[in-house]
Amino acid sequence: MPTADQSPLILVDGSSYLFRAYHVPYLQALSTADGQPTGAITGVLNMIRSLKKDYPNGNVVVVFDAKGKTFRNDMYAEYKANRPPMPDDLRSQIAPIHDIIAAMGLPLLVVEGVEADDVIGTLSHQATALGIETVISTGDKDMAQLVNPHVRLINTMTNVEMDEAAVIEKFGVRPDQIIDYLALVGDKVDNIPGVDKCGPKTAVKWLAKYPSLQEVMAHANEVKGKVGENLRSALAHLPLSYELATIKLDVELEQSVTELKPATADTETLRALYKKYELRRLLADLDKNSDSDEQDADAQDTAGQQNSPEVVAEYDIIRDQASFNTWLEKLNAAKLFAFDTETTSLDYMQAKLVGLSFCVEVGKAAYVPLAHDYADAPEQLDLDWVLAALKPLLESDSVLKVGQNLKYDANVLSHYGIAMQGIAFDTMLESYCLNSVATRHNMDALAEKYLGYKTVHFEDIAGKGAKQLTFNQIDIEKAGHYAAEDADITLRLHQAIYPQLAKIPSQLSVYNDIEIPLLPVLARMEQNGVLIDCDMLAQQSQTIATRLSELEIEAHNIAGKSFNLSSPKQLQVILFEELEIPVIKKTPKGAPSTAEEVLQELALDYPLPKVILENRGLSKLKSTYTDKLPLLVQPKTNRVHTSYHQAVTATGRLSSTDPNLQNIPIRSEEGRKIRLAFIAPPEHKIVAIDYSQIELRIMAHLSDDPGLVKAFSEGKDVHKATAAEIFAVPLDEVTSDQRRSAKAVNFGLIYGMSAFGLAKQLHVPRHTAQAYMDKYFERYPNVAKYMDDTRQQASDDGYVETLFGRRLYLPDIKAKNAMRKKAAERAAINAPMQGTAADIIKKAMLDVDAWIQQQNDDRIKMTMQVHDELIFEIHQDIVEETTAAIVEIMNNTVTMSVPLIAEAGVGDNWEQAH
DNA sequence: CGGGAGACGTA
DNA sequence: GTACGTCTCCCGC
């Protein structure tokens with residue numbers, strides 16, 4: 001039985017047929033006895049009927065233009081200005097058509113502000129992304145721009161089908177050149193200006209010589225004769241014509257393509273409507289077929305419940321060349337397939353490939369075991385042979401892949417000489433962009449949330465703990481089911497999540513324009529790794545160890561007994577019970593706190609806290625950094641390779657683990673020394689470039705506060721400027737203490753602070769902190785307004801957004817618990833700033849990486865990202881010009897109402913580079 | 001052996 | 001006051 005996913009999508013351009021049917025002479029004559037014209041109704045309905053006959057499996061969706069102006073009128077007031085208003089006898093037929101289509105149970109879309117073309121473009125674009133075949137039924141030649149291997153046109157009135165080859169035959173240009181063609185030729189009816197005297201022949205001639213409108217325009221001077229002059233004088237308006245001729249692919253729709261499913265026909269309403277409009281043939285059909293029609297509708301409805309976990313799965317385990325070749329052909333023919341690797345380790349640097357799984361069509365997946373090596377493991381296909389056969393496919397840009405965390409698979413495959421391309425979709429990132437906090441984004445959680453399906457867990461087949469097997473030790477049958485299911489589930493998840501994402505253009509663009517392109521960039525950075533001076537760290541560990549034992553003896557002496565300095569619980573007893581030191585603060589669970597700030601304060605009056613503080617700081621440094629980092633050096637590369645996690649944080653930041661390179665010490669003197677061990681290879685320099693005050697600049701931009709914008713635009717020291725405002729003193733009389741307070745206020749604002757929090761931070765009374773804040777909001781009123789608006793938006797919509805439309809949902813914003821609600825409000829204030837900063841540096845990474853790729857010079861490597869900072873290794877011979885170029889790219893990544901400033905440091909190690 | 005608590009490293 | 005990851009201790013399985 002064919003699954004729902006195979007049924008083609010039939011998009012009907014209702015408006016195009018409406019006009020054409022209206023002008024057909026024999027239809028014009030039709031009307032009801034009381035004079036209501038019905039020719040257009042009949043024409044459109046006949047056409048839908050014939051489509052349903054030609055595509056019995058088809059999922060028919062009908063789209064009409066909405067009344068009123070569209071965005072094209074905003075772009076160009078003259079758009080369609082020559083069109084006469086719609087005749088009344090046509091207008092009166094629209095509502096009946098809509099009613100009848102609705103009663104038939106067909107999805108009907110009428111979207112204001114755009115044309116039917118744009119809705120169709122968007123739906124066909126979504127369908128292509130999901131691997132769904134699409135047929136667009138239209139009489140409009142402009143739609144030829146939408147044709148691709150999976151989208152074709154059918155003119156139902158002439159019965160002419162048009163695929164890519166047919167477009168080339170009819171127009172003489174490829175589908176992707178149709179917009180260029182239309183812009184050059186222009187359109188009298190729609191009032192789109194082209195090039196005078198340039199008709200189809202000339203446009204084709206030009207586009208054969210130069211591949212795009214842009215190129216034609218670039219070479220306008222080479223075109224001779226009168227038409228050449230016309231081309232040159234059209235240069236100014238051609239971009240507009242191009243825009244007007246471009247069908248939108250990202251219209252915001254209430255329902256995504258997979259949600260548009262037929263409902264059961266409302267036979268009674270349909271009968272009444274057919275009677276009313278005297279559509280005798282349709283009425284006769286309805287009575288004749290009423291039973292079977294309803295059955296059809298039911299059958300379609302059931303099939304429409306996609307992603308049902310009940311669908312019988314066919315999982316192949318491929319161990320012979322013939323079956324493999326059959327699958328290879330399937331993959332080659334597919335526009336999109338899901339893909340997963342099975343390996344021996346979660347660590348992409350250590351992982352050895354054990355098998356591969358694929359899925360082209362939901363419910364049908366294959367596992368290719370390659371390196372199962374338990375006793376009695378059956379013979380498997382040769383790993384090198386399989387990889388060689390798959391290499392062209394995996395490296396093809398035009399065969400699209402979907403996976404779950406493909407960065408991992410790409411990293412593993414890179415060690416087998418395969419540079420994956422065509423990474424088009426990643427379900428982990430889809431879920432993350434849709435809602436970063438609704439769920440974790442691992443496959444098990446996604447399958448449960450989006451498919452209601454419990455997957456086989458790795459632990460179910462491998463066991464857990466020290467006895468856990470690695471994948472190569474697992475029985476091929478068990479492993480095959482698990483692995484094939486992973487590929488199958490991945491495709492199902494994609495079909496479930498992507499359409500939801502596609503409904504919101506800004507979220508789709510965060511996915512398509514930031515996260516997906518960032519994936520290979522992060523993979524490259526991870527592969528690059530960073531160079532560590534292990535000897536230096538070992539020496540530091542030695543020094544710290546000596547000091548730690550001194551401190552331990554000292555602490556035991558003061559306490560009068562031996563205890564574990566790193567046990568907060570034992571320390572509590574010593575400090576607050578035995579030494580009877582007063583309790584300053586309690587932990588959330590109610591125990592007396594021994595946190596740093598408490599010990600700092602106690603250190604003024606007692607000797608032990610000071611010793612503990614130094615001990616804690618040093619033991620953290622030793623265990624987390626000086627001892628640990630050398631253990632993480634990969635023998636293969638002699639470098640440390642972190643993992644950047646792209647789907648972890650609520651706000652859009654990256655995170656880093658194994659090791660976390662984003663919390664290497666910098667604040668304390670001893671801590672900073674660890675950065676001395678982050679070194680450059682011979683003849684290279686470490687270059688660190690960070691965005692100065694990026695979050696405050698974003699606050700200035702988002703709030704559009706004149707005072708704050710001015711301070712940044714004039715390149716002032718913004719904390720000093722803030723101090724001058726708060727304390728009402730001239731700029732050059734601001735004391736360092738005032739500047740420090742102002743800085744705390746600025747940071748506090750980014751964190752959604754209260755006067756209480758500020759008071760604690762600054763060690764001033766609450767009313768003093770309140771006075772600072774009042775004064776601040778008085779001097780920067782738009783900041784106050786922005787904060788209020790943000791809180792309001794969070795409360796109204798349940799989410800806040802970054803400048804680029806990345807959303808953070810805040811379910812707690814409606815919490816009954818006041819603490820949680822307040823916390824959600826602070827997160828709401830912080831997220832747009834932290835998140836926009838994350839978006840910006842991600843975009844900068846894309847730009848910088850693209851530039852580095854273009855240089856094609858392996859003396860330039862991007863190695864780390866630390867939220868507002870990028871770190872590079874650059875050869876000493878080119879360090880100056882390369883650094884300048886990267887700074888320039890980072891400064892111009894986005895344009896805001898305040899300048900974005902990147903500052904570079906160069907050195908032999910990370911410490912020097914600061 | 002797993003996981004919570006408490007502490008502390010970063011932006 | 002925001003956002004993270006990792007360490008140790010220590011309880012309970």
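Chain letters run A, B, ... following the sequence lines, proteins first, then strands; residues in each count from 1. Quick note: numbers below take in every heavy atom, side chains included, and nothing from hydrogens, waters or symmetry partners.
- Atom P of nucleotide C:dC7 and atom CZ of A:R616 are separated by 17 Å, given to the nearest angstrom.
- For the residue pair A:T863 / A:R639, no side-chain donor-acceptor distance below 3.5 Å is found, with atom types taken as modelled.
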Item to complete: List the protein contact pattern of nucleotides 8-13 of chain C with one symbol per nucleotide (5' to 3'): B for base contact, S for sugar-phosphate-only contact, - for none; contact means a heavy-atom distance under 4.0 Å.
Response: SSSS--
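- Between the side chain of A:K628 and the base of C:dT6, no donor-acceptor pair of N or O atoms lies under 3.5 Å.
- What separates CZ of A:R653 from P of C:dT2 is a distance of 13 Å, to the nearest Å.
- Using a 4.0 Å heavy-atom criterion, one finds that A:I664 contacts the sugar-phosphate atoms exclusively.
- A:I666 comes within contact range of the sugar-phosphate backbone alone, with a heavy-atom separation under 4.0 Å but no base atom that close.
- Counting any heavy atom pair closer than 4.0 Å across all strands shown, A:A837 reaches no nucleic acid atom.
- Applying a 4.0 Å cut-off to non-hydrogen atoms, the residues of residues 584-603 of chain A that approach DNA chain B are A:T587, A:K589, A:S593, A:T594, A:A595, A:E596, listed by residue number.
- Checked against ring pair (Phe, Tyr, Trp, His ring centres under 6.0 Å), A:F804 has no partners two or more places apart in sequence or in another chain.
- Residue A:K760 is classed as a sugar-phosphate contact, given heavy-atom separations below 4.0 Å to backbone atoms only.
- Below 30°, between 30° and 60°, or above 60°: for A:H641 and A:Y348 the angle between ring planes is above 60°, a perpendicular geometry.
- Residue-level contact check: A:A823 touches neither bases nor backbone, having no heavy atom under 4.0 Å from any strand.
- Computed from coordinates, the A:L808 CG to C:dC4 C1' distance equals 14 Å when rounded to whole Å.
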